[in-house]
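First the structure, in the form of structure tokens, and then the observations on it.
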Amino acid sequence: MGLRINDTIPDLNVETDLGTFSLHEWIGDSWAILFSHPKDFTPVCTTEFGAVAQLADEWEKRGTKVIGISVDGVEDHKKWKTDIESYGGAKPTFPIIADEGLAVAKAFDMLPAEAYMPDGRTPNDSATVRSVFIVGPDKQLKLSMTYPMSVGRNFAEVLRALDALQTTTNNGVATPADWTVGQDVIIPPTVSNEDAKAKFGEFDAVLPYLRKAKLPG
């Protein structure tokens, strides 16, 4: 059974280049983003890790921890971080899980249970380990996105999705397509017009089932 939205993520003990710890303990009371990669020293993944390092202040502003996953070992991770910093111009201070035994990749349903890494493997052997998981402080999976190896991830979208998740969780609302912070939110259909007016003041009834409003200041 795959990991689905609102499932509690596995509480694995993971080895990283910054020490060994439990995933749940590491998350603590924060939001967390796990982003996975099929191999160290690969071109697209290097650009992605560089982008994550550049966004350190943005993650901190949102009370969010980030952690990488790659199916190589700790020593390779440490060496790879030199390339990541050289490319991105920012020090990657987040940990990278050394998932050589594929425990994380399998627990998060990125590889089948019978998968193994052959001798002389290439990134193609672990190509599906290319996902982003956003996890709430309750340790539940809130969102996941999976990309092919040829397409670099859009971390502006990851940030936008994180903003939307935090906004909907904290305010009991939904967000429309392409929503960004400051724009109108959607009032859930389960909220009556009377309760909506009490909570939001004026709102725009675009359709009987689609009502938009500004978040209270």
Side-chain angles (χ1 to χ4, degrees), residues 2-5 7 9-12 14-19 21-24 26-28 30-74 76-78 80-81 83-85 87-100 102-111 123 126-137 139-166:
L3 194 65
R4 294 192 172 94
I5 301 297
D7 284 351
I9 67 164
D11 186 17
L12 302 174
V14 294
E15 182 184 10
T16 81
D17 62 308
L18 299 180
F21 44 77
S22 139
L23 275 180
H24 283 203
W26 174 78
I27 292 170
S30 302
W31 286 75
I33 297 180
L34 293 76
F35 55 106
S36 63
H37 302 265
K39 201 174 192 308
D40 293 359
F41 306 106
T42 51
V44 174
C45 297
T46 300
T47 67
E48 292 175 332
F49 271 84
V52 172
Q54 291 167 1
L55 291 169
D57 290 344
E58 299 298 328
W59 308 127
E60 185 174 359
K61 280 195 297 189
R62 292 162 174 80
T64 299
K65 298 177 179 178
V66 294
I67 189 167
I69 304 162
S70 179
V71 295
D72 282 322
V74 164
D76 277 340
H77 291 353
K78 291 178 179 177
W80 188 26
K81 277 188 169 181
D83 288 352
I84 294 164
E85 183 174 1
Y87 173 82
K91 192 174 184 63
T93 57
F94 51 84
I96 306 176
I97 296 171
D99 195 30
E100 292 180 287
L102 307 182
V104 177
K106 292 179 180 181
F108 280 77
D109 199 37
M110 294 182 281
L111 286 173
S126 49
T128 54
V129 187
R130 286 274 300 151
S131 295
V132 176
F133 302 96
I134 302 182
V135 180
K139 317 302 185 293
Q140 291 181 359
L141 178 65
K142 304 302 182 184
L143 181 149
S144 63
M145 296 181 268
T146 300
Y147 289 72
M149 285 196 303
S150 58
V151 178
R153 281 170 268 201
N154 183 337
F155 283 94
E157 168 57 14
V158 175
L159 274 177
R160 191 202 70 84
L162 176 61
D163 284 337
L165 285 167
Q166 293 184 341

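FYI, side chains are in, hydrogens and waters are out, and symmetry mates aren't considered; it's all heavy atoms of this structure. Throughout, numbering of the chain's residues begins at 1 and tracks the sequence.
Contacts of R62 classified as salt bridge (charged side-chain N to carboxylate O under 4.0 Å, His left out), with partners at least two apart in sequence or in another chain: E58, D163. For D17, the salt bridge (charged side-chain N to carboxylate O under 4.0 Å, His left out) criterion is met by K81, not counting sequence neighbours.
Considering CG of L143 and CD1 of I5, their distance stands at 5.5 Å, rounded to 0.5 Å. Between the CG atom in L3 and the CE atom in M110 there is a gap of 9.5 Å [rounded to 0.5 Å]. Here the OG1-CG distance, from T93 to L18, works out to 8.0 Å after rounding to the nearest 0.5 Å. Within the model, atoms CG of L12 and CG of D99 stand 8.5 Å from one another, a figure rounded to the nearest 0.5 Å. One distance of note links CD1 of I84 with CZ of F94; it measures 5.5 Å at 0.5 Å rounding. The CG atom of D109 sits 9.5 Å away from atom OG of S144, with the distance rounded to the nearest 0.5 Å.
Residue pairs meeting the salt bridge (charged side-chain N to carboxylate O under 4.0 Å, His left out) criterion with at least one member in residues 139-149, sequence neighbours excluded, are D138-K142.
The side-chain heavy atoms of L23 and I97, taken from C-beta on, include a pair separated by under 4.5 Å. Between W31 and V135, every side-chain heavy-atom pair lies at or beyond the 4.5 Å cut-off. At a threshold of 4.5 Å between non-hydrogen side-chain atoms, the residues V132 and R153 count as touching.
A donor and an acceptor atom, one from each side chain of W80 and S70, are nowhere located under 3.5 Å apart. D40 and H77 share a side-chain donor-acceptor pair at under 3.5 Å.
Side-chain N or O atoms of D83 include none that pairs as donor or acceptor with a backbone N or O of T46 at under 3.5 Å. Side chain of T42 to backbone of V44: no donor-acceptor contact under 3.5 angstrom is found. Under a 3.5 Å cut-off, the side chain of S30 and the backbone N or O of A32 do not form any donor-acceptor pair. Judged by distance alone, the side chain of T146 and the main-chain N or O of S131 form no donor-acceptor pair under 3.5 Å. Looking at Q54, its side chain never comes within 3.5 Å of a backbone N or O of A90 through a donor-acceptor pair.
Remark: K65 is positioned above the aromatic ring of W26, its terminal NZ or CZ atom under 6.0 angstrom from the ring centre and at most 45 degrees off the axis.
One finds a salt bridge joining E48 and R130 here, because a Lys/Arg side-chain nitrogen approaches an Asp/Glu carboxylate oxygen to under 4.0 Å.
T16 approaches V74 most closely through the heavy-atom pair O-CG2, 3.6 Å.
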### Message
side-chain contact (heavy atoms from CB on, under 4.5 Å) for F49 and I96? Distances and angles first, verdict last.
### Response
CA-CA 10 Å; F49 271 84; I96 306 176; 3.5 Å; yes
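By the 30° and 60° cut-offs, the orientation of the rings of W59 relative to F155 is perpendicular.
Counting heavy atoms of neighbouring residues, nucleotides and ligands inside a 6.0 Å radius, atom CZ of F21 exceeds 12 of them. Crowding of E60 atom CD: a count of heavy atoms from other residues, nucleotides or ligands under 6.0 Å not exceeding 12.
Each of I67, V14, V66 was evaluated against P95; a single residue qualifies, I67, per the side chain to side chain contact (heavy atoms under 4.5 Å, CB included) test. The only option from K39, M149, H37 that meets the side chain to side chain contact (heavy atoms under 4.5 Å, CB included) definition with C45 turns out to be H37.
The distance between the ring centers of F35 and F133 does not fall below 6.0 angstrom.
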